[in-house]
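Notes follow once the structure below has been shown.
When a ligand or atom number is given, it counts from 1 through the structure's own listing order.
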Amino acid sequence: MTRDLNLYFDNAATSWPKPEAVYKAAEIQMRQACGNPGRSGHTRTLEADRLIYRTREAAARLFNISDPARVVFTYNATDALNIALKGFLKAGDHVLYTAMDHNSVLRPLGRLRRDELITSTMIPCSDQGYPDLDYLEHSYRPETSLLVINHASNVTGAIAPLSDMIASAHKRGIKVLVDAAQTAGVVPIDTQKEEIDFLAFTGHKGLLGPTGTGGLYVSSGLDLNPLREGGTGSQSEMDLHPASMPERLEAGTLNSSGLAGLLEGITFILNTGVEEIQKSESHLRQYLYTKLQSINALTLYGPGDSGQAAAVVSFTLENADSGEIGYILESSYGILCRTGLHCAPLAHQAIGTFPEGTVRLSPGFFTAEKDIDYLVNALNEIVRLVSG
Ligand SMILES: Cc1ncc(COP(=O)(O)O)c(C=O)c1O
C-alpha cells in the first residue's frame, strides 16, 4: 500500500471535513458582517447580533430548549464545563462524577478539591465504559449538590444511561450537568424530556462548526456565578456584570465568525436529522468494529454493540506502543488518528490501558466504508510487520 491519501479518523478530537457552508459562512461573517455583536447600533453590529441570535435559536431547536436566551456561547466544551462547575458549586458541596470523565471535568474538580472547597466521589465504570449505577445509588451524601454525567466516552464511545442517572439524582433534589462533547449533533438530546439542568457542548466536533465555539445550556430558574465578568454592551453603567441571560455568562466579544460557521453546522444537522446521523455513524462504527475484530492480534475496547455507542473505537496491539502505531499509520498510510490517554486517564484505568493508552479511531458522518477498508488493510500490514 502506498501513501496517496489523507484519511481522517480523528473526529472525536475535532470533526473534519465540515459542510461547505460552514467554511463559507465563517469567511463571509469576517469579511462582510464584521460588527461587534451587542455593541453600538450600526448596521454591521446589528447584523452580527442577529446572526448570533439565529445560532442561539438553532442550538435551542436542536436540544429542545424553549428559551434561546438560556443558551450561552463559550469557546469549547472545556470552557462550558468550567463555567458550570465553578459557577454552581459552593464551599462544602459534594460532587459525583464518573470514571469516563474528561480532564475538562476532572481538572476543575481537582482544583476545587485542592482549594478545599468541595469533596467528590468517582463512580466506577465497567471495562466497556458504562457507569456502575448501584455504586451511584450508594454514593449520595446530604451535601451532594451535583452529578456530572459524561454522555459518551471519548475513549470507548459508551453512551451513559442518561434518563436513569438523571432520575436517580433528581429524586434526591440533586442537579445534573451533562457533558455532551461527544454526543451533541450525533445523538439526539432533548433537554426538556430528560430534564437536564446544565448541558455543556462543543461546536467543533459533532456540531460540525469551527474550533473556538461551544455552549452551555442553563435551565430556567438556575443561576450560575459568572466565571468571567466584563463588557456586554448592555447596562454599562453598572459596576457588576448583568444578571440577565445570556449576558450573565458571556463577557467580552464573542467569536462571531466561528458562530456563523456553527449556525451552518447546526443547520446541516437539523436538515439531515440527528437520528439519521446517529444511524449512519452507528453503522460505520459497527462496520469498523467488526473488521477490526477479524485482526486477532488487536484487543478492542468499548461496546461491541454500536447501538449504544458514539463512533469511537479504541484498540491496543500486544507489545506495540500505541504512539508508534499512530506514527506508522500516518507516515506510511496517510491515516490520521489519536493515540495515548485522550485526556481521560481514569477511563483508561477503568478499561485497563493506563498509562500506555490506546489507538483511537473515530469515523465521522463523512467517512466512507472504503476508507475503513483501507484502514483495516493498513492495520493488517502493520500487525504483520510488528509481529513478524
Ligand atoms: C468527553 C469530552 N468532554 C470534554 C471535551 C473537551 O472538549 P473541547 O475540546 O471542546 O473543550 C472533550 C474533548 O475531547 C471530550 O471528549
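Nearest non-hydrogen protein atom to atom 6 (C) of ligand 1 is Thr78 OG1, 3.5 Å. Looking from atom 10 (O) of ligand 1 to the surrounding protein, the closest heavy atom is Thr202 OG1, 2.5 Å. The single protein non-hydrogen atom nearest to atom 15 (C) of ligand 1 is His102 CD2, 3.3 Å, given as residue, atom name and distance. Nearest protein neighbour of atom 7 (O) of ligand 1, counting heavy atoms only, is Ala77 CB, 3.4 Å.
Under the 4.5 Å side-chain heavy-atom criterion for grouping Ile, Leu, Val, Met, Phe, Trp and Tyr, Ile149 is not connected to Leu216 through any hydrophobic cluster.
Within ligand 1, counting atoms from 1 as listed, the ones closer than 4.0 Å to a heavy atom of Asn150 are 1 (C). Using a 4.0 Å cut-off to heavy atoms of Asp179, the atoms of ligand 1 that qualify are 1 (C), 2 (C), 3 (N), 4 (C). Set against the non-hydrogen atoms of Asn76, the atoms of ligand 1 under 4.0 Å away are 8 (P), 10 (O), 11 (O). Below 4.0 Å from some heavy atom of Ala181 lie the following atoms of ligand 1, by number and element: 2 (C), 3 (N), 4 (C), 5 (C), 12 (C), 15 (C). Each of the following atoms of ligand 1 lies closer than 4.0 Å to a heavy atom of Lys205: 7 (O), 12 (C), 13 (C), 14 (O). Near Ser104, meaning under 4.0 Å from one of its heavy atoms, ligand 1 places the atoms 3 (N), 4 (C), 5 (C), 6 (C). For ligand 1, the atoms lying closer than 4.0 Å to a non-hydrogen atom of Asn154 are 16 (O). Contact atoms of ligand 1 toward Gln182: 14 (O), 15 (C), 16 (O) (distance under 4.0 Å to a heavy atom of the residue).
Side-chain contact check for Ser168 and Glu137: at least one donor-acceptor pair (N or O, by modelled atom type) lies under 3.5 Å.
Side chains of Arg228 and Ile83 form a contact here, defined as non-hydrogen atoms less than 4.5 Å apart.
The closest donor-acceptor contact from the side chain of Ser153 to the backbone of Met100 lies at 3.5 Å or more, if one exists at all. Side chain of Asp79 to backbone of Tyr75: a donor-acceptor contact under 3.5 angstrom is found.
When Phe365, Phe366, Tyr8, Tyr23 are each tested for a ring pair (Phe, Tyr, Trp, His ring centres under 6.0 Å) with Trp16, only one passes: Tyr8.
Arg360 has a carboxylate O that lies under 4.0 Å from a charged side-chain N of Asp10, or vice versa, which qualifies the two as a salt bridge.
Counted within 6.0 Å of CZ on Arg61, heavy atoms from surrounding residues, nucleotides or ligands total 12 or fewer; the atom is thus considered open. Within 6.0 Å of the NE2 atom in His42, the count of heavy atoms belonging to other residues, nucleotides or ligands exceeds 12.
Only the side chain of His204 comes within contact range of ligand 1, with a heavy atom under 4.0 Å; no backbone atom does.
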